[in-house]
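Protein chains get the first letters and strands the later ones, always in sequence-line order, with residue 1 at the start of each. Every heavy atom of this structure was used, including side-chain atoms; hydrogens, water molecules and symmetry mates were not.
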2 protein chains.
Amino acid sequence: MNSIHHPHHLHATNFHNHNHQINKNRVRMVDAYQDVKTSKTNRLGETLSNLLNIQKPYQKINPTPSTHSNWNVLNIHEDKANTPTMSPKEDISDRWRDIHGVQEWEGLLDPLHSLLRREIIKYGEFAQATYDALDFDSFSDYCGSCMYNSHKLFDKLGLSKSGYKVTKYIYAMSHIDMPQWLERSRLTYTWSKDSNWIGFMAVSDDEESRRIGRRDIVVSWRGTVTPSEWYENMQKKLEPIGYKDSKVEHGFLSIYTSKSDSTRYNKSSASEQVMKELKRLVDFYKTKGEEVSLTITGHSLGGALALLNAYESATNFPRLLISVISFAAPRVGNIAFRDELYQMGIKILRITVKQDLVPQMPGIVLNESLQKFNDFTGTLEWIYTHVGAELKLDVRSSPYLKRGFNFIGIHMLETYLHLVDGFVSTGSTFRSNAKRDVALVNKGSDMLIDELRIPTCWYQLAHKGLERNSYGRWERPKRDPEDIPSPIREEHKS
Amino acid sequence: MNSIHHPHHLHATNFHNHNHQINKNRVRMVDAYQDVKTSKTNRLGETLSNLLNIQKPYQKINPTPSTHSNWNVLNIHEDKANTPTMSPKEDISDRWRDIHGVQEWEGLLDPLHSLLRREIIKYGEFAQATYDALDFDSFSDYCGSCMYNSHKLFDKLGLSKSGYKVTKYIYAMSHIDMPQWLERSRLTYTWSKDSNWIGFMAVSDDEESRRIGRRDIVVSWRGTVTPSEWYENMQKKLEPIGYKDSKVEHGFLSIYTSKSDSTRYNKSSASEQVMKELKRLVDFYKTKGEEVSLTITGHSLGGALALLNAYESATNFPRLLISVISFAAPRVGNIAFRDELYQMGIKILRITVKQDLVPQMPGIVLNESLQKFNDFTGTLEWIYTHVGAELKLDVRSSPYLKRGFNFIGIHMLETYLHLVDGFVSTGSTFRSNAKRDVALVNKGSDMLIDELRIPTCWYQLAHKGLERNSYGRWERPKRDPEDIPSPIREEHKS
């Protein structure tokens with residue numbers, strides 16, 4: 001079916017595919033929602049009615065794979081209370097190329113190979129870290145920064161056993177109007193009005209490198225937190241990238257490449273920061289004779305940035321093995337962009353959830369409350385396309401999740417990681433020996449069934465960070481000096 | 001003006017008023033909104049349009065007393081950062097009867113006497129404690145209970161220097177449908193499905209008793225937290241109390257007097273629990289030859305319960321000096337009830353905020369969102385009346401508070417305490433040497449101006465009480481056994 005509509009696609013997917021059989025896996029690589037249409041008749045009335053279908057995912061379609069009764073779920077949940085939250089990491093040194101996607105993940109996705117599942121979750125937790133450590137207190141001096149110094153980040157987030165070390169923080173121009181108090185305040189120091197912490201780079205340590213068979217460099221991109229960012233992201237305008245016909249969405253590219261001498265953190269762009277650090281790391285490990293891979297991850301907007309980052313990295317480091325593991329990423333570019341990514345040998349695994357609307361973007365835009373859908377103004381040409389293999393999840397597969405449509409909850413990365421952890425194969429029930437802590441799903445949402453008795457949106461600081469001083473007054477404590485962002489320190493590190 | 005409409009009132013206020021002059025203070029004792037009308041024509045159309053006037057309190061009326069610029073406010077705020085949050089307590093042993101209201105607080109309210117202000121805040125913080133310590137996590141085993149054992153309560157809330165010791169917790173039938181999970185859960189122990197922690201009793205220690213000139217027993221009543229409770233409170237039905245013509249609102253009386261043998265905590269009613277403990281304490285201190293007073297406090301619904309409690313206490317302990325310090329209390333009973341309270345010698349100080357709608361209830365009821373107003377069904381007879389002296393505050397007097405109507409924020413007790421702290425006299429500016437921590441206002445609301453950079457609704461537990469176990473799983477920790485409510489322990493204590 002897809003081959004009829006998208007001749008380019010087959011070409012592209014075959015570019016690095018040594019097995020030319022049309023198999024189930026390859027079909028899954030194609031986004032089911034990827035309807036490339038340039039006709040003006042494809043107005044939003046149609047899109048909206050498609051959406052309405054998507055909005056009722058629980059109407060039957062397939063008999064829901066969940067056959068657990070809530071009672072069983074609770075038993076299983078309680079039995080796991082005193083068990084580790086992760087499958088042990090196994091030695092993948094002799095299989096890492098397959099897991100890295102050199103074979104386009106053929107035969108590994110459905111059923112999902114347990115070694116691949118474990119790696120997907122590892123990278124997903126790097127992406128999650130960019131949310132968990134963000135200071136989003138608009139009254140904070142450091143709003144939009146990471147709360148912790150880079151050498152503390154993983155410890156603070158319980159990722160000390162990840163096997164990776166953070167080497168660099170990435171900043172992007174925020175494009176967000178800051179609250180007016182900043183303008184009027186008499187603060188002598190504000191970390192930055194123009195920049196946001198947008199991610200980090202990390203590299204596998206010796207032990208992890210032995211386990212995974214190579215030195216792995218990670219770039220983890222933060223997604224959007226506030227609705228206003230979504231608006232900006234969806235500029236609905238394609239612009240060229242590179243020297244060929246590739247075009248990508250203007251908003252994404254702008255975040256990736258913007259810089260300004262008047263800023264403290266974006267005298268160089270996110271793109272330039274990453275390229276510089278990547279060169280340093282690649283040179284360093286190559287001179288040591290090590291095999292090096294690059295894995296780029298991100299959720300939502302972060303998944304879009306990951307794709308731009310992969311494109312640029314492949315351009316600059318043609319022989320580097322590059323994979324993208326993205327979660328809930330929207331469409332980013334046109335067909336030429338997709339084809340160029342394939343031709344450069346970039347391996348892309350898109351994790352999507354069937355009921356999530358963001359991977360269907362651009363195509364819809366959300367109003368401020370992020371609960372209703374507005375149609376576009378009508379100028380959009382439907383030339384955005386997805387790229388890569390797809391691991392497609394279904395919220396209905398989990399007996400832990402509420403039934404009912406919850407845009408934010410379904411889109412959130414913790415929901416994705418939960419579903420990856422439980423995914424066995426299309427149509428099968430949730431993996432009974434899934435170990436990941438189910439409570440994490442509700443960190444920032446209301447997705448878990450009430451029987452589990454996990455509070456909703458529970459990931460929060462005590463008293464929003466206020467502490468009592470010696471007089472009993474509630475104050476925002478001074479940030480540990482080493483956790484205060486510093487452009488000089490960032491510069492010296494690399 | 002009031003004497004024309006309410007002949008009963010003058011009779012009542014004069015009952016214990018040795019000074020028969022009509023003075024400014026006495027006029028303030030009368031509630032400006034107390035329009036006693038039984039006419040059926042007083043329909044809600046009228047009420048609603050009155051409300052609409054009240055909803056626009058910032059339209060001018062008086063020139064706003066706030067003349068501070070925000071800049072000055074910030075300077076003052078910063079200067080106070082390293083100062084105590086309270087005025088020191090002074091010795092009031094020779095003036096305590098006046099402060100307790102024996103003279104109906106004549107000449108003490110406008111301007112507000114500093115000694116009285118300090119005492120009002122002391123009692124207000126006891127009322128606030130009933131909110132701060134409530135477990136309102138609907139997934140908790142102990143939802144609706146106090147999070148801490150009674151001997152820890154004040155320490156946990158930073159009230160260790162209050163000079164009082166908690167002697168007893170009070171429970172009331174909750175009348176609230178509990179979430180369904182409780183019914184279905186396999187918990188072997190739930191603290192109570194029927195009861196809520198509704199307040200506590202405390203008694204002044206020796207040092208405080210010396211300072212205030214007598215042994216002071218306090219009953220502090222908790223108000224409502226959830227909108228659903230408001231609905232129940234406002235049953236719009238008067239029923240008799242006592243043996244005369246006094247009638248009070250059905251819902252309040254029901255909370256105060258309900259009991260059931262099938263419950264664990266309300267085999268006796270809140271009323272009976274308090275009366276038993278009160279008898280024990282009064283007997284104990286009377287036999288020691290001490291002078292004893294009773295001060296009953298509460299906010300909102302708690303203020304209504306305080307009045308019922310005062311009525312009953314005066315009936316049972318006719319010679320006890322009884323005061324009520326209520327905050328934001330609604331109307332409770334009819335004119336006969338008011339007159340009986342006066343005749344029994346109960347001294348009542350109602351703290352109200354001009355823009356707060358709750359003291360104008362019954363008369364309006366709020367819809368579920370608590371943001372819009374619905375009219376009554378029309379059966380209400382307007383026979384509810386306020387009672388006692390009134391200290392009337394104005395949100396516009398504080399330069400720290402946002403302009404704009406915020407029903408919840410204006411009604412909250414912390415807003416009241418802030419305004420009491422800053423009140424000098426009607427029409428004067430906010431007290432420049434007010435010491436109370438302004439940040440407290442935003443504990444559960446969004447009332448403070450942005451320039452102060454205090455987060456909104458910041459009073460919250462880290463991770464809503466979840467903690468990581470040794471495996472890294474997020475769990476609700478077991479409650480400290482001594483903090484688990486126990487009917488047996490409650491019984492043994494008194």
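Looking at R436(A), only its backbone comes within 4.5 Å of chain B, counting heavy atoms on both sides. Interface remark: K80(A) contributes backbone and side-chain atoms alike to the contact with chain B (heavy atom separation under 4.5 Å).
Atom NZ of K152(A) has more than 12 neighbouring heavy atoms from other residues, nucleotides or ligands inside a 6.0 Å radius. In K165(A), the NZ atom is not crowded: 12 or fewer heavy atoms of neighbouring residues, nucleotides or ligands sit closer than 6.0 Å.
For R473(B) (side chain) and T83(A) (main-chain N/O), a donor-acceptor pair under 3.5 Å exists by modelled atom type.
Nearest heavy-atom pair across F139(B) and I454(A) is CE1-O, 3.2 Å. Considering all non-hydrogen atoms of both residues, R468(A) and G158(B) come closest at NH1-CA, 3.5 Å. The nearest pair of heavy atoms linking Q460(A) to Q460(B) is OE1-OE1, 3.3 Å. Pairing each heavy atom of D437(A) with each of G472(B), the nearest pair is OD2-O, 4.1 Å. Nearest heavy atom pair, residue K464(A) against residue C457(B), reads CE-O, 3.6 Å. Taking all atoms of both residues into account, the shortest heavy-atom contact from W474(A) to A439(B) is O-CB, 3.9 Å.
In this structure the side chain of H463(B) never reaches within 4.5 angstrom of the side chain of L461(A), judged on heavy atoms.
One finds a salt bridge joining D141(A) and R453(B) here, because a Lys/Arg side-chain nitrogen approaches an Asp/Glu carboxylate oxygen to under 4.0 Å.
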